[in-house]
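Read the numbers this way: they start at 1 and go in the same order the structure lists the ligands and their atoms. Here the structure is a predicted model, which means the values were calculated and not measured.
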Amino acid sequence: MVNVAVLGYGTVGSGVFDVLVKNHDSIAKKIGDDIKVKYVLDLREFPGDPVESVLVHDFDTIINDPEIDIVAEAMGGLDPAYTFAKRTLEAGKNYCTSNKELVAMYGPELLELAKSKGKNFLFEASVGGGIPIIRPLNQSLTADDITEITGILNGTTNFILTKMDKEGLAFEDVLKEAQELGYAEKDPTADVEGYDACRKIAILSSLAYGLHVNFEDIYTEGITKITALDFKYASKLGLSIKLFGKSKKIDGKCYAMVAPFMISTESPLYCVNGVMNGILVNGEVIGDIMFYGSGAGKYPTASAVVADIVDEAKHLNKHIMSLWSSKKLELEDIKSNRCKFFVRVSGDAASRLDAVEEAFGKITPVTLDEVNGEFAFITEVISEADYEAAAQKVDGILQRIRVEA
Ligand code: NDP
Ligand code: HSE
């Protein structure tokens, strides 16, 4: 018998409990042993809920029970998740989590602790919700040197951008809907300002490149400045706007960033809409490979957590290797990164064109019949540094969005 404790009975934790109960027989078959949820830890009571019979409020009940083999955390935040993770591994139990904040901050330390104990610290649900991406990076793409990752890594922001694009809805209304659907973080600033996608690209890059990418080193922009008018211009250009987490390795140098990009229908990520996430990985041997699925939500995320539980149940006393070392990967400044830029400036084209061309060089103007008092254009492919230098020379820049060339 494999005994599991689930920490947190919110969106994800309740999904994990449901799946382990409902799919008990098929999961036990896959493990080759019986499996039981012995405890669920939460702060609240859940009167009348099936969880009542296993609900506890004190973590010590779990850690002091020698029968508990696996602890699955879905509480979120660093405190007490970090302490609980350490105590679990130190007690010789396996730990898995959907908590990307924890993984991005303490991943290498907890992996090393798990290794030293011959146990596992797994975190499939921390990136891409239900999409298997951590396990493929760790176990399937091992023949390869990964050179680039570009992902739509946050379900909430993709849901918002898609509704703004396709239904013309307002940012705030769609954010509220994403919160009601259980997609958003407790503090949705993490979603809309790009911090969640930043942690996720840091986790993926660390696994792909084998060194620790500190999420705090990654240049990050969110979607709060994207407006309905930007989508009108994008539509005129046949483009869409997506929040990307990107990292790439060129000549041993590594770049990473999170920012909204205008992308064309030719991008494999163009059709990734709503809460779906898409992760495009490029390896020297395999070329392009894409992962697609629900990036957030109760059951998709529970599917990934339960997959970790099953993996740990199959490897109760055997550490599964991962490439992520605690040695830091120094990221390059993104200033040499090159792309086109979509720019909106105040004033009309006739009066601004000369100054804009003098600063940016060759540009392609973009006009919308219904818009007066501003002027939009797309630059040629230039570096971030060149963009910054040109932008200094032009007054009244209202918007700039990178365009995936
Ligand atoms: P919720 O807020 O819905 O659930 C968290 C639960 O944990 C709540 O019931 C909360 O209780 C409880 N909790 C918080 N602190 C403690 C504590 N100290 N002891 C016991 N229980 C505690 O969050 P989610 O389920 O949405 O997310 C959980 C984690 O999974 C987060 O790290 C999130 O980023 C991640 N995640 C979420 C996804 C999603 O789609 N929602 C997808 C992928 C990952 P209370 O409400 O009383 O605070
Ligand atoms: N808030 C996150 C998202 C949850 O919207 O993608 C999944 O990690």
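A centroid separation of 6.0 Å or more is found between the aromatic rings of Phe341 and Phe377. Under the 6.0 Å cut-off for aromatic ring centres, Phe231 and Tyr233 do not qualify, their centroids lying 6.0 Å or more apart.
Annotation: Ser98 places an N or O atom under 3.5 Å from an N or O atom of ligand 1; distance criterion only. Residue contacts with ligand 1: Lys100 is placed with a nitrogen or oxygen under 3.5 Å of a nitrogen or oxygen of the ligand (distance criterion only). Of the N or O atoms in Gly297, one or more lie within a sub-3.5 Å distance of an N or O in ligand 1.
The closest approach between Ala74 and ligand 1 falls below 4.0 Å for a heavy atom of the residue.
Here Lys163 pairs with Glu177 in a salt bridge; the nearest charged N to carboxylate O distance falls below 4.0 Å. Between Arg338 and Glu384 there is no salt bridge, since no side-chain N of the basic residue sits under 4.0 Å from a carboxylate O of the acidic one. Between Lys314 and Asp33, none of the side-chain N atoms (NZ, or NE/NH1/NH2) sits under 4.0 Å from a carboxylate O, so this pair counts as no salt bridge.
Near Ala125, with a cut-off below 4.0 Å to any heavy atom, the atoms of ligand 1 are 43 (C), 44 (C). When each atom of ligand 1 is checked for a heavy atom of Asn99 under 4.0 Å away, the hits are 32 (O). Each of the following atoms of ligand 1 lies closer than 4.0 Å to a heavy atom of Gly8: 6 (C), 7 (O). Every atom of ligand 1 with a heavy atom of Lys186 under 4.0 Å away is listed here by number and element: 48 (O). Listed by number with element, the atoms of ligand 1 under 4.0 angstrom from any heavy atom of Pro80 are 18 (N). Interface of Gly182 with ligand 1, defined as ligand atoms under 4.0 Å from a residue heavy atom, comprises 39 (C), 40 (O), 41 (N). Near Asp191, meaning under 4.0 Å from one of its heavy atoms, ligand 2 places the atoms 1 (N), 2 (C), 3 (C), 5 (O). Residue contact check: Ala296 has heavy atoms under 4.0 Å from atoms 40 (O) of ligand 1.
A cation-pi arrangement is found for Arg199 relative to Phe215, the charged atom lying closer than 6.0 Å to the ring centre and inside a 45° cone about the ring normal. Remark: Lys246 is positioned above the aromatic ring of Phe261, its terminal NZ or CZ atom under 6.0 angstrom from the ring centre and at most 45 degrees off the axis.
Of the protein's heavy atoms, Leu43 CD1, 3.9 Å lies nearest to atom 15 (N) of ligand 1. Counting protein heavy atoms only, atom 8 (O) of ligand 2 is closest to Lys100 NZ, 2.5 Å. Among all non-hydrogen protein atoms, the one lying nearest atom 32 (O) of ligand 1 is Gly76 CA, 3.1 Å. Regarding atom 43 (C) of ligand 1, its nearest protein heavy-atom neighbour is Thr301 CG2, 3.3 Å. Protein heavy atom closest to atom 2 (C) of ligand 2, with residue, atom name and distance, is Glu185 OE2, 3.2 Å. Nearest to atom 6 (O) of ligand 2 among the protein's heavy atoms is Gly155 N, 2.7 Å. Scanning the protein for heavy atoms near atom 7 (C) of ligand 2, the closest one is Gly295 O, 3.3 Å. The nearest protein atom to atom 47 (O) of ligand 1, hydrogens excluded, is given as Arg44 NE, 3.3 Å; this is a heavy-atom distance. Taking atom 5 (O) of ligand 2 as the reference point, the nearest protein heavy-atom neighbour is Thr156 OG1, 2.6 Å. The nearest protein atom to atom 23 (O) of ligand 1, hydrogens excluded, is given as Thr11 N, 4.5 Å; this is a heavy-atom distance.
In this structure, Arg352 and Ser346 have side chains that are in contact, with non-hydrogen atoms separated by less than 4.5 Å.
Between Trp324 and Phe123, the ring planes lie perpendicular to each other; the angle is over 60°, past the 30° to 60° tilted range. Using bins of under 30°, 30° to 60° and over 60° for the plane-to-plane angle, the ring pair Phe17/Tyr9 lands in the perpendicular bin.
Taking a distance limit of 4.0 Å, we find that atom 19 (N) of ligand 1 is approached by some protein heavy atom. Of the protein's heavy atoms, none falls inside 4.0 Å of atom 2 (O) of ligand 1.
In this comparison of Leu78, Asp42, Val127, the heavy atom closest to atom 11 (O) of ligand 1 sits on Asp42. Heavy-atom proximity to atom 25 (O) of ligand 1, evaluated over Val16, Asp58, Val12, Asp191, is greatest for Val12.
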